[in-house]
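Order of the sequence lines fixes the chain letters, A, B, ..., with proteins taken first and strands second; residue numbering starts at 1 for each chain.
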Protein chains: 4
Amino acid sequence: MRSDARANRDRVLAAAEEVFGEFGNAGSTEEVARRAGVGIGTVFRHFPTKRVLVKATIVRHLTLLAETARARGEGGEAGAAFRETFREMVSGAPAKLALVALLEEPADSTGSADEVEAAATTVREAVEELLSRGQQAGEVRADATVDEVYMLIRALANARGDRTVVDRAVDIVLDGLSPRRSE
Amino acid sequence: MRSDARANRDRVLAAAEEVFGEFGNAGSTEEVARRAGVGIGTVFRHFPTKRVLVKATIVRHLTLLAETARARGEGGEAGAAFRETFREMVSGAPAKLALVALLEEPADSTGSADEVEAAATTVREAVEELLSRGQQAGEVRADATVDEVYMLIRALANARGDRTVVDRAVDIVLDGLSPRRSE
Amino acid sequence: MRSDARANRDRVLAAAEEVFGEFGNAGSTEEVARRAGVGIGTVFRHFPTKRVLVKATIVRHLTLLAETARARGEGGEAGAAFRETFREMVSGAPAKLALVALLEEPADSTGSADEVEAAATTVREAVEELLSRGQQAGEVRADATVDEVYMLIRALANARGDRTVVDRAVDIVLDGLSPRRSE
Amino acid sequence: MRSDARANRDRVLAAAEEVFGEFGNAGSTEEVARRAGVGIGTVFRHFPTKRVLVKATIVRHLTLLAETARARGEGGEAGAAFRETFREMVSGAPAKLALVALLEEPADSTGSADEVEAAATTVREAVEELLSRGQQAGEVRADATVDEVYMLIRALANARGDRTVVDRAVDIVLDGLSPRRSE
DNA sequence: AATGAATGAGCGTTCATTCAT
DNA sequence: GATGAATGAACGCTCATTCAT
């Protein structure tokens, strides 16, 4: 019966990504249960609190993101890899979720060193890897730090707007990230 | 008593900017009343609906933003004016509110051409003005359009994060907006 | 300034009859003020409580009703006078108010022997007068008492429905009130 | 747990009949919950809207009424059956609810052909059946139509007052409904 | 005396969370 | 383990009533 439970857990997480991706924190737990095709009780058995569910959803999302980024990084040309990943993280469908990632964290009380933070760090590290390779290849300006790059990704990922406008905005930012004239 | 009422209206709007800036649409009307130091009934007397209150808050915010931008634009040097305003709109304390401005507007039903849209247009126009002056002065890349610039401002304004990181991210973006090498 | 006040009081009462006649007890005091063209404060100055206002409205209505009935009673033919008044009380436009008259009276606490009751009694007496004259003239069945007649009037006055249906229902009741075969 | 739910639903409906019978539409949902001994949430789980609850209450009431009437109609003597049912519908304890049945239905918007209307029609039909049998048996005046009879029932059912007075008023009305002298 | 702004209890409704089945 | 009914705090909003002007 362990496998049933595991399967349910996964369906709930998938549904949660849909719902919270669409409505942010305002999405209801009941809607998640409905889309997952399970009872509300089942959701709460796996995730004792809405906040826990939201966090797990974010963790899952960030983990996938990091994996993709890492995979991309393995590939050949450093500058292109950096830029492609940047683009992908910004427009990746589920990126909407990044929104939720920014939500209030006050009073976490549970001493839990926060899994979310850990997952976010993983993403950061993937970005960092790509960034420094790009810089070593002389394809990305040397004075940019992960902090800024990561923030730019998050900011653009949350931006509403026409796909084409977003794309051009990304072009501009990537221009800003290219090596400076004098370099 | 007219003056008392006006004063209260203003206190409510100020409180609303705080609350909705902090919690987005999820902020509660009651919290607004609490922070404004008035009864809940007073809030509803001035703004018959939560949605109306939110809209009024946004309009107020955008109007101030546009005014500031326009004032700045009058000043001398075109490129500097553009860049300073860009920075200011991103970090202006209450900029958080831009978040709310992006919230759902579905089914406005009231034929009202929407004051919010009008106010947003005003801001856009101010940005447009600054942008084209900057371009004419050869200080801003010629192929950038308001759409992208405006989106970049909004995206960065909503970004959470260290002040210094944001500042450096803005530097990068402004570099991306400077005239291209070949130009 | 006494006359101003008196005039206002009357306008409020007239407005109240409209509003409570239309919406029953659910009509709002503010709506009354609006229709009377005065501030809400003025309404409460004259009638310290909504309940008092409602009662005053009912008293006014019942008083007018009694006067009309009495006037009608003076006239010539006894049976016709009885029947005409019966009809009139049932369909009189403001009769709707009778509805309100039936509303909860629990816990009046104010020792006031209740003006409403007094006014209702006046109406009852007018009906009684008409009834006994009709009976003496042999035009109304002898065994009917005011209680029943008065209740029938109130019941029919509150009935919703087509005017013509109400009229025919009244015909039936008046037939029931005509002298019995054997009499 | 299905049975618990059903039981609760019934307790809620019973409580609602009490509350709305006593206060009309002004009765509060919370009071219904209190009298049913359940939480407010439970009421809303079973009836998603106050309006739905009120309608369900009326439907239940009217359905019982129609059943009783029909059962009575099966019995032998036509005139007696008509008169007994008339009496019963007027004085049946929960008849108070008829009041609610007359409440505003404006803008139902839901295309639903309205269950309430359907239930009311059922009652009407039961009355019609009894009426025409009574007329065929020569025990009820031939020119009376369901419309009037139905309205008289509703009017008397809503009348406040002494039981004995109501009874005698019904006698009078039934006299009015007996065959005319000339017939 | 009149005004209308302010108040807050109360209502209908939603939703995270608990618990009997 | 899973289910979904039950709970009640919280929200948006209304309205009788009070009180500064």
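OP1 or OP2 of E/dT3 lies within a sub-4.0 Å distance of a side-chain N or O belonging to C/Thr42. Listed pair A/Asn8 / F/dA2 meets the phosphate criterion, a side-chain N or O lying under 4.0 Å from OP1 or OP2. Dashed line: the shortest gap from a side-chain N or O of A/His46 to OP1 or OP2 of F/dG1 is not under 4.0 Å.
Note: D/Lys55 NZ to D/Arg51 CZ = 5.0 Å, rounded to the nearest 0.5 Å. In this structure, A/Ile58 CD1 and A/Glu115 CD are separated by 11.5 Å, a value rounded to the nearest 0.5 Å. In this structure, the separation between CD on D/Glu117 and CG on D/Leu62 is 11.0 Å, given to the nearest 0.5 Å.
Residues passing the side-chain hydrogen bond (donor to acceptor under 3.5 Å, both in side chains) test with A/Arg34 are A/Glu31, sequence neighbours excluded. With sequence neighbours left out, the side chain to side chain contact (heavy atoms under 4.5 Å, CB included) criterion links C/Phe47 to C/Arg9, C/Val12, C/Leu13, C/Val52, C/Leu53, C/Ala56. For A/Arg60, the salt bridge (charged side-chain N to carboxylate O under 4.0 Å, His left out) partners at least two apart in sequence or on another chain are A/Glu17. Evaluation of the side-chain hydrogen bond (donor to acceptor under 3.5 Å, both in side chains) rule for B/Glu30 yields no partner, not counting sequence neighbours.
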Output a table of nitrogen or oxygen pairs between the protein and nucleotides 13-15 of chain E separated by less than 3.5 Å.
{"unit_1": "E/dT13", "atom_1": "OP2", "unit_2": "D/Lys50", "atom_2": "N", "d": "2.6"}

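Nucleotide F/dT17 holds its C1' atom 13 Å from the CZ atom of B/Arg45, rounded to whole Å. To the nearest angstrom, P of F/dA10 lies 17 Å from CG of A/Asn25. When rounded to the nearest whole Å, the span between CG of D/Asp4 and P of E/dT21 equals 6 Å. Here the C1' atom of nucleotide E/dG4 and the CZ atom of B/Arg6 are 15 Å apart, to the nearest Å. Distance D/Arg9 CZ to F/dG4 P: 18 Å, rounded to the nearest Å. The separation between B/Asp10 atom CG and E/dA5 atom C1' is 15 Å, rounded to whole Å. The interatomic distance linking D/Phe23 (CZ) with E/dC11 (P) rounds to 11 Å, in whole Å. Between the P atom of F/dC11 and the CD atom of B/Glu31 lies a distance of 9 Å, rounded to the nearest Å.
Toward the 5' end of DNA chain E, the nearer of the two residues B/Gly39 and C/Val38, judged by each one's closest nucleotide, is C/Val38. Residues D/Val43 and B/Gly27 both approach DNA chain F. Their nearest nucleotides, taken by heavy-atom distance, put D/Val43 toward the 5′ side.
Of the possible donor and acceptor atoms, none in the side chain of C/Lys50 sits under 3.5 Å from a partner among the backbone N and O of C/Ser28.
Base pairing in DNA chain E gives the following stems of 3 or more Watson-Crick or G-U pairs, range against range and under 3.5 Å: E:2-21 with F:2-21.
Paired with D/Val116 under the rule side chain to side chain contact (heavy atoms under 4.5 Å, CB included), one option of D/Val59, D/Thr121, D/Thr57 passes, and it is D/Val59.
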